[in-house]
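What follows is a short report on a single structure.
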There are 2 protein chains.
Amino acid sequence: MASVGIKDVAARAGVSVATVSRVLNAHASVSPAARARVLDAVAELGYRPNTLARSLRTDQTRTLGLVISDVLNPYFTELARSVEEEARALGYSIIFGNADERPEVQDHHIRTLLDRRIDGLLVSPADGGSALVLDAARAGTPMVFVDRWIPGADVPVVRADGRGAVRDLVAHLYALGHRRLAIIAGPAATTTGSERVEAFRDALAEYGLDLPAAYVGQGDFQAASGRRATERFLDLPTPPDVVFAADNLMALGALDAVRARGLRVPHDIALAAFDDIPWFVHTDPPITAIAQPTGELGRAAVRALADRIEGRTPQSVTLPARLVVRRSCGEAAPPEAPTEAPTEETPAGRSTP
Amino acid sequence: MASVGIKDVAARAGVSVATVSRVLNAHASVSPAARARVLDAVAELGYRPNTLARSLRTDQTRTLGLVISDVLNPYFTELARSVEEEARALGYSIIFGNADERPEVQDHHIRTLLDRRIDGLLVSPADGGSALVLDAARAGTPMVFVDRWIPGADVPVVRADGRGAVRDLVAHLYALGHRRLAIIAGPAATTTGSERVEAFRDALAEYGLDLPAAYVGQGDFQAASGRRATERFLDLPTPPDVVFAADNLMALGALDAVRARGLRVPHDIALAAFDDIPWFVHTDPPITAIAQPTGELGRAAVRALADRIEGRTPQSVTLPARLVVRRSCGEAAPPEAPTEAPTEETPAGRSTP
DNA sequence: CTGAAAGCGCTTACAG
DNA sequence: CTGAAAGCGCTTACAG
């Protein structure tokens, strides 16, 4: 158990620990002979440097923190995966924190990450302006926001712009004859919670359509809230023709609610979702969704953070989302390719009504 | 940036660093006055101990490593979430590693975790016997296997036993008149890859049914392999009546393949899956699945590992999985409760045919 | 090219 | 109850 240390290696190789350290860090000049002996000793002893000690000394951990809002949401899972891959490619490790959409849990993770002296932080804030996040940014912690962001912080943002796709969605719905469109929003404190509603409202306005308060359900990006909001819609004297869920989990909840009432999509009510997932191809019916370039976002975010850490100038990045039309809004969509490649859809034509 | 250290706190409080350390660690005797001054100084300075330094000194990190086979698999995502929650409750942090079902990636993560001096390791091995894992276990690294395990290692195992549920599934299929049953297996090198086939074969035998080689598809727990295996089944002179996918991702692939041929479930071919997910309620048709007590497994695994680390005797745990009948095998199932609570199903009666 | 020595920020016997 | 000092396992100027 008394794990082998640099001293053991030095002793075995007949050199000083300084020399061992030098060969391990590809540091300048070491005689070929010494290098060889050290390498042999390392191999024979199975020596692995203690990263704790190294980090304490060098003040860098080669570790990035990623705090996501909800691991159980496939969107964030995919984001996390791409972040980890790109980080690994750049020589960093990732430590994840799952906020579960709860600001206190988020802050717990951020504090833990900071205590671990991570080199930088990737955050998709669960709330509108955690003091902790703001303080950390102000204190100089390299940081990048992904997907969601906090206004007023001087932090690069990597995200998707869904406005175009939302407009395409509304055009699609309008063309299918839908006029009463409702949305289940995420928490107003999150950017994606409010932006998606705004984009939706603006697109409706282009068609002379209104978004009454009763047609804005308040959700929290979790399935249960989507179910509740949908039940409320269905209880309205004049229920909407369409429910647009601002994320895939709330769409799941909406589906639960519709099913519980014995109603059918799209016959009784149409459904669309922000964020696309492989299962949407196989749901009954297949669900029309707005797809984000999730993998790209994750990679871009890591690159921006690495830029910031390594002294380059980090860039904010905004990538377009796109509409993927399926059958949940009433139209028979063409057959679709399997899982890995959802069909790129030409959005329904847009023209003022 | 020059982050505040214990010396700053000591200076501000007018005590030695030893005293500061004592109050921070709830160590024995410190005068109330000194304690108060230290606490004030800590608050005023916003001091946070450097965990790197602390860990280097104490030789414990209060951190557990979790290496899962595939984050994109909802089963593992849920497992990871429950592991993190229980760990947090016990005062540990979790560092995740995603193996993506690739042994080299798995080993990369394990090595990284070990280099970070985690206190213990939770592994769901992507292969049958990584030398690295075995060495680490032998070297005394506290370890617990979750879901999958490596035979021959003296490591507690926390997992679900699917044999009963698989038997219930076969009974259900048999009762529906199916006689040609096929399975898409996971990698033979993983325990869950081979066990599920064995359980299936044994259950078939109870009904006098055979499992011919052509009806055993070789998958790797990923969607694409499920698709390929299913295509091969469909190309057989006598295709099976039922395809049982050994995980939910391969079931997704199977669905893709069936759909691509223009066939329908369960009319043309029945489908069942190991591992249940919320979307299975809303797929077309809803999918019959074997559900694991995933959250319980995650929590039990953490407890076992904490026991091992803290000097208690860790217990292996095996929990039963259960069959959830839906409509993908041909029977009209009763309506089901929404998302969070899939209906517990009474399995079809079992009697020798 | 190489080694002795200081120091990263903590904790913890050891004295008092 | 409290402080001075050693030490955890590394890296890195500083000399030579």
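Below, read A as the first sequence line, B as the second, and so on, with proteins coming before strands; counting in each chain starts at 1.
Put simply, chain B comes within 4.0 Å of DNA chain D, heavy atom to any atom, from D/dC1 to D/dG9, going 5' to 3'.
Residue B/Val17 is the one, among B/Val17 and A/Thr58, whose nearest nucleotide of DNA chain D lies closer to the 5' end (criterion: closest heavy atom). Heavy-atom nearest nucleotides on DNA chain C were determined for A/Ser16 and for B/Leu56, and the one closer to the 5' end corresponds to A/Ser16. For the pair A/Thr19 and B/Gly14, nearest-nucleotide mapping onto DNA chain D gives the more 5' position to B/Gly14.
In terms of modelled atom types and a separation under 3.5 Å, the side chain of A/Ser55 and the main chain of A/Thr51 share a donor-acceptor contact. Between the A/Asp119 side chain and the A/Arg62 main chain, a donor and an acceptor come within less than 3.5 Å of each other.
Base engagement by A/Ser29 is indicated by at least one non-hydrogen atom pair under 4.0 Å involving a base atom. Looking at heavy-atom distances under 4.0 Å, A/Asn25 makes contact with sugar-phosphate atoms alone, never a base.
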**OP:** Dot-bracket for DNA chain D, please, read 5' to 3', with Watson-Crick or G-U wobble pairs under 3.5 Å on both distances, ( ) within the strand, [ ] crossing, | other strand, . unpaired.
**Re:** |||.||||||||.|||
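Annotation: side chain of A/Gln106 is in contact with side chain of A/Ser130 (closest heavy-atom distance under 4.5 Å). For the pair A/Gln315 and A/Asp307, the minimum side-chain heavy-atom distance is 4.5 Å or more.
Under a 4.0 Å N-O distance rule, the pair A/Arg138/A/Asp135 qualifies as a salt bridge. Ionic pairing of B/Arg159 and B/Asp147 is not present here: no N-O contact between side-chain nitrogen and carboxylate oxygen is shorter than 4.0 angstrom. Under 4.0 Å is where a charged nitrogen must lie from a carboxylate oxygen, and between A/Arg299 and A/Glu296 at least one such pair does.
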**OP:** Begin with the C-alpha distance, continue with both residues' side-chain angles, and end with the deciding distance and a verdict on salt bridge (Lys or Arg N to Asp or Glu O under 4.0 Å) for B/Arg148 and B/Glu101.
**Re:** CA-CA 12 Å; B/Arg148 309 179 187 175; B/Glu101 300 288 0; 2.8 Å; yes
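Using atom C1' as the reference point in both D/dT12 and D/dG16, the two lie 16 Å apart (nearest Å).
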